[in-house]
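Values below: all heavy atoms of this structure, side chains included; hydrogens, waters and symmetry mates excluded. Below, chains carry the letters A, B, ... as their sequence lines are ordered, and counting in each starts from 1. Note that the structure is a prediction, hence the values are computed from the model and not measured.
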Amino acid sequence: MPSAPARVLSESEADPCAALWAAELPARHPLAIVAVPGVGFALAWPAGLAPGPVVLGLVAGPGEVGRHLAEIERRLGPRWVWWSSRPATQLALAARVRLAACWDLSAVHRLLHGGRRGDEPAVWAAAVGLPPPPPRGSTRPLRAVAGQLDLWDGTTMASGDDTGADAVLRAPVSAGADHADTADAGVGGEIGIDGDALRGDGQLDADWLARAPSAAQSLRRAARLAQLALTVHEHQTAALRRLADGRPQPGRTPLSVLTAWSESAAELLARELERDGLPLARPVAEALLDELIGPRPHTPADEHTARRRRDAPVLAHLPAPVDLRNPAAVRAGLRTVGIDVPDTRSGRLEPLRGAHPVVGALLAWRRAERIVTTYGHRWLDEHVGVDGRLRGAWHGSDGGAGRMTAQAGLHNLPADLRIAIVAEPGRVFVRADLGQIEPRVLAVVSGDTALARATHADDMYAPVAAHLGRPRADAKIAMLAAMYGQTTGSAGEALRRMRRAYPTALAFLDAADRAGREGRDLRTFGGRRIPLAPTAAAGAGPGAARGLTDPPPPDAQGDAEPTPQALIARGRFARNAVVQGAAAELFKAWAATVRIELAALDGDIVLCLHDELLVHVPRRHAEQAAGLLHRTLAATAAYWTAGSGVRLVADVSILHRWSDAPH
DNA sequence: TGCGCTACGTA
DNA sequence: CGTACGTAGCGCAG
């Protein structure tokens with residue numbers, strides 16, 4: 001891609017965005033942004049009327065940045081292109097500007113290539129077809145490494161966050177002559193005066209990125225990076241279109257590109273979820289904890305006595321003291337009262353409740369202990385803000401299947417605690433979950449017309465059962481066995497009938513299973529790469545390289561001959577990933593649309609739970625929000641399930657508290 | 001301190 | 001009736 005003439009403008013001009021308005025970009029036109037907190041930001045856009053990408057470096061204080069972004073969003077409605085949502089959107093998020101459309105180069109990189117790396121040099125190299133550069137700081141754990149994306153997270157910048165930075169920087173940047181000269185030179189790297197971003201071998205220079213720049217230089221770097229972002233965007237778009245060549249839809253945006261949009265939006269949504277959190281009524285949670293585990297301990301001694309008090313009812317049933325927190329000791333203790341079990345899991349002990357009173361006491365103890373250790377007072381203190389919001393980190397796409405994940409227990413909150421998830425005054429929750437999403441998605445992605453017909457029913461297991469001539473329960477088990485791989489033969493006959501009734505769906509799953517066993521990479525319906533090839537690195541170092549390359553499939557070490565058990569596991573992993581992964585993409589496409597449309601109702605998504613959305617809206621808009629959730633699902637299905645004949649269903653309810661949901 | 005194991009919560 | 005993920009406490013190795 002040719003380097004471009006560039007202009008650097010500043011607040012000293014009457015309208016610093018004049019060049020942007022003059023370009024008259026159509027809506028959703030790519031607009032790259034690289035933010036420099038405390039300084040400003042740089043914009044770049046592909047040629048409209050201008051003869052190449054135009055770069056605009058803008059000096060602005062924190063408040064001004066929000067104002068500019070809001071105005072650009074309102075007047076242009078661009079597709080914001082950024083390297084990574086976290087640094088790029090920091091100021092927009094702080095200003096509560098809801099950006100509608102984006103392209104997250106890091107997220108799309110992971111979509112196209114798999115793995116977890118999303119740092120700029122890796123994204124650049126993959127986009128332009130260079131070998132992956134060595135990761136920086138590869139000994140650090142992944143979660144920490146993610147921080148390296150924050151090139152300008154404030155820590156490298158002495159000037160920080162106040163308007164003082166503005167005053168200092170206004171002079172060098174608005175003086176402008178030096179970069180006007182260099183910028184107008186019009187050949188590669190003209191913007192930078194501290195060396196270029198690209199090395200001789202074409203790689204994005206990690207040292208250049210890491211070098212602590214002066215504030216003025218940082219804007220020029222931002223401008224350069226914004227230009228490079230456009231280049232990556234073009235390469236990624238082309239790669240996604242090539243993926244879709246197998247099923248071209250003339251005149252339509254390919255699903256892979258639509259998936260890039262929604263995966264990018266999911267990252268942005270993740271940032272908003274981190275910012276806003278989930279409403280939690282602390283008094284309700286405290287009361288529940290009090291009931292389950294007693295009053296809050298204030299000293300280590302308190303805590304010790306509370307532990308002993310919780311343990312006592314269980315120990316009373318045993319002849320000798322046992323460390324209840326040590327499963328081996330528990331197993332030994334149970335043997336002293338005549339209960340011999342291979343392990344002490346609740347499912348194992350449940351049937352033995354009648355055998356000895358200790359069993360029931362132990363199970364009750366475990367349940368309470370779970371709350372104490374994981375969702376107790378410490379959890380409240382660490383994750384619930386004074387504003388009554390439960391906050392944790394979110395990932396837009398994680399793991400083998402690319403689901404959203406969340407920390408702080410947001411995705412595994414025990415049902416008992418859901419009474420504490422209460423809408424704020426004047427607001428309600430509207431909850432929507434996709435019914436039987438995985439078998440319906442299987443019908444879409446496999447193109448099985450018989451299975452598609454079954455999805456016309458609200459409960460698709462009913463027609464499947466009728467078709468198989470088996471009870472509904474058998475039909476459901478057979479479906480799950482087919483999708484996720486079965487070990488026991490309890491659904492054997494139903495499964496055999498499934499194979500005859502839905503040969504296309506079963507062939508699709510068998511093909512995925514085979515690819516998993518043979519170590520061939522797969523792609524989901526939306527184009528996400530599922531790495532299944534054995535990873536050479538996995539067997540090498542002491543875990544240092546792990547997580548920075550591809551997440552390896554079960555037991556895929558590359559060196560040793562896989563055991564039969566490992567092969568079965570890989571097959572199941574692949575079988576599951578193509579269904580669960582596609583379902584995750586559908587869910588995010590829906591969520592992305594809901595997010596945009598909720599703005600009109602002053603509503604927010606406050607929780608994403610794989611197939612369930614919880615939105616928080618003013619009470620007066622509850623009915624409209626419910627309608628919105630149905631309507632957006634239909635709009636998403638219109639392209640996602642196009643031509644498959646598959647029907648998607650959502651169950652929507654208006655709630656005061658999450659626990660009021662029907663189940 | 002880091003890691004594997006057991007256990008359990010959600011979908 | 002399997003897959004996915006996050007969290008915690010324990011025991012063990014270093």
Which is true for [X] with a 4.0 Å heavy-atom rule: it touches a base, it touches only sugar-phosphate, or it touches nothing?
X	answer
A406(A)	sugar-phosphate
R370(A)	base
A415(A)	sugar-phosphate
R403(A)	base

Round to the nearest Å and state the distance from [X] atom [atom1] to [N] atom [atom2].
X	N	atom1	atom2	answer
L363(A)	dG9(B)	CG	P	10 Å
E369(A)	dC10(C)	CD	C1'	13 Å
L417(A)	dC8(B)	CG	C1'	14 Å
I371(A)	dA8(C)	CD1	P	13 Å
L609(A)	dG6(C)	CG	C1'	13 Å
E382(A)	dT7(C)	CD	C1'	12 Å
Y375(A)	dG9(C)	OH	P	13 Å
H411(A)	dA8(C)	NE2	C1'	19 Å

Checklist entry - Taking all atoms of both residues into account, what is the closest heavy-atom pair of A582(A) and V445(A), and its distance? => result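 Looking at all heavy atoms of both residues, the shortest contact is CB-CG1, 3.8 Å.
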Item to check | For I419(A) against V284(A), the heavy-atom pair lying closest together | outcome: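 Smallest heavy-atom distance, with atoms named: O-CG1, 3.7 Å.
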Would you say a side-chain N or O of [X] is under 4.0 Å from OP1 or OP2 of [N]?
X	N	answer
R572(A)	dT3(C)	yes
Q580(A)	dT3(C)	no
T405(A)	dC5(C)	no
T344(A)	dA7(B)	yes
N412(A)	dC5(C)	no
T373(A)	dG9(C)	no

Side chain of [X] - closest among [options]:
X	options	value
L480(A)	dT3(C), dC1(C), dT10(B)	dC1(C)
R325(A)	dG9(C), dT10(B), dG6(C)	dG9(C)
D343(A)	dA7(B), dC1(C), dG6(C)	dA7(B)
D323(A)	dG11(C), dA4(C), dA8(C)	dG11(C)
R366(A)	dA8(C), dG6(C), dA7(B)	dA7(B)
P327(A)	dT10(B), dT7(C), dT6(B)	dT6(B)
S346(A)	dA4(C), dG6(C), dC8(B)	dC8(B)
E612(A)	dA11(B), dC10(C), dA4(C)	dA11(B)

Next on the checklist: Could you walk me through whether S85(A) and R271(A) satisfy the side-chain hydrogen bond (donor to acceptor under 3.5 Å, both in side chains) test, starting with their C-alpha distance in whole Å, then the side-chain angles of each, then the deciding distance to 0.1 Å, before giving a yes or no?
Outcome noted: CA-CA 7 Å; S85(A) 66; R271(A) 302 292 81 76; 2.8 Å; yes
[atom1] of [X] to [atom2] of [Y]: how many Å apart, nearest 0.5 Å?
X	Y	atom1	atom2	answer
L380(A)	L280(A)	CG	CG	6.5 Å
E585(A)	R528(A)	CD	CZ	6.0 Å
M460(A)	M479(A)	CE	CE	4.5 Å

Item to check | Qualifying residue for side-chain contact (heavy atoms from CB on, under 4.5 Å) with V615(A), from L629(A), V606(A), V652(A) | outcome: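 Among the candidates, only L629(A) passes.
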Checklist entry - Does dG9(B) have a Watson-Crick or wobble partner in any strand here, with both distances under 3.5 angstrom, and which is it? => result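 dG9(B) is paired, partner dC5(C).
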